[in-house]
**Student:** 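Structure provided below as structure tokens; questions to follow.
All values below were derived from every heavy atom in this structure, side-chain atoms included, with hydrogens, water molecules and symmetry-related copies excluded. Note on naming: letters A, B, ... go to the chains in the order of the sequence lines (proteins, then strands), and numbering restarts at 1 for each one.
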Amino acid sequence: MYLHIDMDYFFAQIEEKRRPMLKDKIIAVCVFSGRTEDSGVISTVNYPGRALGIKSGMPIATAKKKAPPADSIFLPVDREAYTQASMFIDGIIRKGCDKVVQASIDEWHVEDSDAIQKAPKIKEEIEKKSGLTCSIGVAPSLLGAKMGASKCKPDGLLILDKESEEKLISGSDVEKVPGIGKKTGEALRALGALKIQDISKIDPGNLVETFGRKTGSWLHELSLGEYKSELGEEKEQEEVSRIGTLKMKTRDSYILLEKLSDLEPEAKEWLMEKKKSYKTLTIIFITEDLRTHTKSTTFSHPLPWNSSTEAEKKKLIEEFLSENPMMIRRIGIRFGNFLDLGGQTTLF
DNA sequence: AATGATACTCGGC
DNA sequence: TTACGGCCGAGTATCATT
């Protein structure tokens, strides 16, 4: 059996715990972009906020219109604190279970033959030691466990047998299934599938044509109740990026380079800490229409974290500007294609 | 034509 | 209808090499 452990409104719950007096107020954790006073989006909001229609991804200004100022607080993200809490919880889960894969900052996948007994114990222990609640789904497949957890949240525990798992998945609205987002969901609805079971009526060839080979056949199998789940291997992070929003949209390469020089040290610090060298450098551009574009180069030899990137950054920016006439709103830098520096030391 | 590497977009959280 | 961050991996497209 599989467990899916999912922390409840994680970032906001941590902020709530830090400030117990705010417990019943609306707590929204925000990514302030700095472009204007309230530009940016909501990262997470607690349940009183959700009750008023505030959601992740919503612009902060829109959320503020829904929340009475006296009963609400809008806080900036404190990633370091959330990462620390995440690592602490990771330790608790690993102590109790053998096969554990951390799936994101606030989710874990576990395979355990004794899952039904262990699930309530882990839940209690997490709450006792961290003060934070989570929701846990237990099911014969990982997909069932995930959907079970989201069905019973917050602070829930749901155990599904083969039959109830099958029912939950096949009867679910398409966009409730992890892996099916807005785009895929809309496309499926356009093909006449509202629920997962409806997908079985669509010709598999049509699915592959619309969604590509991988997703198309995955959807087809899903609709027939075929979802094999294996716990993926725990993978090392494959790239690191830092991205930021410009005060004003621009096409001035000097301003763009200046912004990158704010972002780059943080990404490089990560490389240094993890002792990684990299082969691929990518510049990320978000144009005024909010579309994302990238330009990248791969070097024939890995470069150490402290290597200069000035010439390449300039080249990639100029290349992008020459082929896209739009103004740029956000810019970022990404390092990837890592090689462990191992015992080697950096050269000076 | 097959294989592997690289470039880029999509979209989940 | 639009408002709108900062990440990341998955998947696909394209290019290079044989």
Side-chain angles (χ1 to χ4, degrees), chain A residues 4 6-7 9-12 28-45 53-66 76-79 82-83 86 101-107 146 149-150 175-187 208-219 232-246 249 262-263 266-267 270 278-300 316 319-320 323-324 329-338:
Chain A
H4 176 88
D6 197 335
M7 300 306 295
Y9 62 105
F10 190 48
F11 297 176
V29 177
C30 307
V31 186
F32 291 101
S33 72
R35 205 165 44 83
T36 61
E37 169 90 358
D38 273 342
S39 64
V41 297
I42 303 295
S43 175
T44 325
V45 62
I54 301 173
K55 292 186 216 178
S56 300
M58 178 180 275
I60 296 163
T62 311
K64 285 198 169 175
K65 284 182 205 150
K66 295 175 179 283
V77 286
D78 180 355
R79 223 161 230 294
Y82 313 149
T83 303
S86 175
V101 174
Q102 180 160 13
S104 74
I105 195 165
D106 71 338
E107 295 172 304
K146 276 188 204 173
S150 53
E175 76 280 4
K176 293 268 175 66
V177 172
I180 304 179
K182 196 157 170 273
K183 298 246 171 163
T184 311
E186 268 164 23
V208 169
E209 197 183 321
T210 312
F211 301 101
R213 192 178 53 79
K214 192 92 178 179
T215 307
S217 46
W218 175 71
L219 286 169
E233 294 300 299
E234 195 121 44
K235 284 202 227 155
E236 290 216 13
Q237 190 172 329
E238 290 168 354
E239 39 186 37
V240 61
S241 62
R242 288 298 179 264
I243 187 165
T245 303
L246 297 153
K249 54 188 184 178
D262 290 344
L263 301 163
E266 256 206 78
W270 188 95
Y278 63 91
K279 277 176 72 182
T280 303
L281 170 68
T282 305
I283 303 297
I284 304 153
F285 304 88
I286 290 97
T287 40
E288 52 187 331
D289 60 355
L290 296 176
R291 281 177 50 95
T292 302
H293 313 261
T294 58
K295 282 284 164 204
S296 64
T297 40
T298 296
F299 306 99
S300 49
L316 293 169
E319 198 183 324
F320 178 78
E323 61 195 46
N324 191 309
R329 177 175 176 131
R330 300 162 60 204
I331 191 165
I333 189 164
R334 173 155 71 214
F335 298 100
N337 212 338
F338 296 144

**Student:** What is the minimum heavy-atom distance between A:T287 and A:H293, and which atoms define it?
**Tutor:** OG1-NE2, 3.1 Å
**Student:** When you compare B:dC13 with C:dC4, how far apart are their P atoms, in angstrom units rounded to a whole number?
**Tutor:** 24 Å
**Student:** Quick one: which of C:dC7, C:dC4, C:dG6 gets closest to the side chain of A:V31?
**Tutor:**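 Out of C:dC7, C:dC4, C:dG6, the nucleotide with an atom closest to A:V31's side chain is C:dG6.
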**Student:** Relative to the 5' end of DNA chain B, which residue comes earlier, A:T280 or A:R291, by the nucleotide with the nearest heavy atom?
**Tutor:**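 Of the two residues, A:T280 wins.
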**Student:** Write down the distance between CD (A:E107) and C1' (B:dC13), rounded to a whole number of angstrom.
**Tutor:** 7 Å
**Student:** Have a look at A:T294 and say if it touches a base, only the backbone sugar-phosphate, or nothing, with a 4.0 Å heavy-atom cut-off.
**Tutor:**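 Base contact.
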**Student:** Atom NZ of A:K65 to atom P of C:dA3: distance rounded to whole Å?
**Tutor:**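 These atoms are roughly 12 Å apart.
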**Student:** If you only use heavy atoms from C-beta on, which nucleotide in C:dG6, C:dG9, B:dC13 is closest to the side chain of A:I243?
**Tutor:** C:dG6
**Student:** Reading DNA chain C from 5' onward, which residue's closest nucleotide shows up sooner: A:P59 or A:V240?
**Tutor:**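 Mapping each residue to its closest nucleotide by heavy atoms, the 5'-most match is A:P59.
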**Student:** Counting side-chain heavy atoms from C-beta on, which of C:dC8, C:dG6, C:dA3 comes nearest to A:R330?
**Tutor:** C:dG6
**Student:** Minimum heavy-atom separation for A:S39 and A:G34, please, with both atom names.
**Tutor:** OG-N, 3.9 Å
**Student:** Kindly give the heavy-atom pair with the smallest separation between A:G332 and A:L263, and that separation in Å.
**Tutor:** CA-CD1, 4.1 Å
**Student:** Atom CD of A:E37 to atom C1' of C:dC4: distance rounded to whole Å?
**Tutor:**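 After rounding, the gap between these two atoms is 17 Å.
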**Student:** Fit a plane to each ring of A:Y278 and A:F299, take the angle between them on a 0 to 90° scale, and name the class: parallel (under 30°), tilted (30 to 60°) or perpendicular (over 60°).
**Tutor:**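 Perpendicular, since the angle between the ring planes exceeds 60°.
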**Student:** Once you round it to whole Å, what is the distance between C1' of C:dG6 and CD1 of A:I331?
**Tutor:**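 Going from A:I331 (CD1) to C:dG6 (C1'), I get 15 Å.
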**Student:** From the set C:dA10, B:dT6, C:dG6, return the single nucleotide nearest to any side-chain atom of A:N337.
**Tutor:** B:dT6
**Student:** Assign A:G332 to base, sugar-phosphate, or nothing according to its heavy-atom contacts below 4.0 angstrom with the strands shown.
**Tutor:** nothing
**Student:** Tell me which of A:T245 and A:E238 sits closer to the 5' end of DNA chain C, going by the nucleotide each one is nearest to.
**Tutor:** A:T245
**Student:** Using a heavy-atom cut-off of under 4.0 Å over every strand shown, decide if A:S241 touches base, sugar-phosphate, or nothing.
**Tutor:** sugar-phosphate
